[in-house]
Amino acid sequence: MARVWRIILLIPLAFIAACWAAAAVLYFSVPPELHPGEALQDYAIKAALISFFAAFVVGAVAGIPAFLMILFAESFGWRSLILHLVFGAVVGSAATILGIAGPPASEFSDIAIFAAAGTVGAFVYWLLAGRHAGG
């Protein structure tokens, strides 16, 4: 019964949290200005909302590769943090190199930002669900 709840509840919630974390990295890599007179709390709320909606885009871009990785990790019990981090970096890099997440990257810094976002997302997923894969 625990495995059923893991598949129905934990894995999807971990994926959503991972997408939100990756979107937050993308958002804060080039954050908008804090306008004069704007409260820091308002800025933080705006950042949370924008990154939340950007998480849907991250999920759409990374959904199929992440689903395959999760399927293999759960099937074979792959719990390696390094495996998850490398996979996240590869998916993030591929999204910008291939132009899936917008125009193809023209600078290395763009690729590095997307790789970092994928790595953070993969870490959050691993932290919540991946370290117990196959369990």
Side-chain angles (χ1 to χ4, degrees):
M1 188 65 174
R3 187 171 178 116
V4 171
W5 283 113
R6 176 176 171 69
I7 292 169
I8 292 174
L9 189 65
L10 181 62
I11 291 173
L13 288 177
F15 179 71
I16 291 167
C19 290
W20 196 354
V25 168
L26 293 173
Y27 177 81
F28 285 111
S29 66
V30 185
E33 287 183 22
L34 180 62
H35 300 293
E38 183 178 17
L40 189 57
Q41 182 180 6
D42 294 339
Y43 183 80
I45 290 170
K46 181 173 62 173
L49 286 173
I50 290 171
S51 63
F52 176 75
F53 288 112
F56 290 105
V57 176
V58 171
V61 169
I64 293 173
F67 172 76
L68 292 174
M69 174 63 186
I70 291 167
L71 180 69
F72 286 122
E74 290 295 324
S75 298
F76 299 118
W78 296 344
R79 299 176 180 181
S80 169
L81 173 61
I82 300 298
L83 177 70
H84 282 79
L85 295 179
V86 167
F87 181 79
V90 167
V91 170
S93 298
T96 189
I97 291 171
L98 299 175
I100 298 169
S106 59
E107 297 183 22
F108 179 75
S109 62
D110 295 338
I111 297 169
I113 289 169
F114 274 79
T119 302
V120 169
F123 178 72
V124 168
Y125 177 81
W126 175 85
L127 194 63
L128 298 175
R131 60 187 169 142
H132 302 294

Once rounded to the nearest 0.5 Å, what's the spacing between atom [atom1] of [X] and atom [atom2] of [Y]?
{"X": "Asp110", "Y": "Ser93", "atom1": "CG", "atom2": "OG", "value": "11.5 Å"}
{"X": "Leu83", "Y": "Trp126", "atom1": "CG", "atom2": "CH2", "value": "12.0 Å"}
{"X": "Tyr27", "Y": "Ile50", "atom1": "OH", "atom2": "CD1", "value": "4.0 Å"}

Determine whether [X] and [Y] make a side-chain contact, defined as any pair of heavy atoms from C-beta on separated by less than 4.5 Å.
{"X": "Phe87", "Y": "Val91", "result": "yes"}
{"X": "Val58", "Y": "Trp20", "result": "no"}
{"X": "Leu128", "Y": "Phe15", "result": "no"}
{"X": "Leu26", "Y": "Phe114", "result": "yes"}
{"X": "Ile11", "Y": "Glu74", "result": "yes"}

Within a reach of under 6.0 Å around CZ of Phe67, are more than 12 heavy atoms found that belong to other residues, nucleotides or ligands?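 No, CZ of Phe67 has 12 or fewer neighbouring heavy atoms, counting only those of other groups under 6.0 Å.
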Around Ile64, counting heavy atoms of other residues, nucleotides and ligands shown, do more than 12 lie under 6.0 Å from its CD1? no
Could you check whether the rings of Phe56 and Phe52 sit parallel, tilted or perpendicular, using 30° and 60° as the cut-offs? perpendicular
Honestly curious: do Met69 and Phe76 fall in one hydrophobic cluster under the side-chain, below-4.5 Å linking rule?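 In one cluster with Met69: Phe76, yes.
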Is there a path of hydrophobic side-chain contacts, each under 4.5 Å between heavy atoms of I, L, V, M, F, W or Y residues, that connects Leu81 with Tyr125?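 No, separate clusters.
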Could you report the tightest heavy-atom contact between [X] and [Y], atom names first, then the distance?
{"X": "Gly88", "Y": "Ala122", "result": "CA-CB, 3.9 Å"}
{"X": "Gly121", "Y": "Ala18", "result": "O-CB, 3.0 Å"}
{"X": "Ala21", "Y": "Val124", "result": "CB-CG2, 3.6 Å"}
{"X": "Ala117", "Y": "Ala22", "result": "O-CB, 3.3 Å"}
{"X": "Ile100", "Y": "Val61", "result": "CG2-CG1, 3.8 Å"}
{"X": "Ala73", "Y": "His84", "result": "CB-NE2, 4.4 Å"}

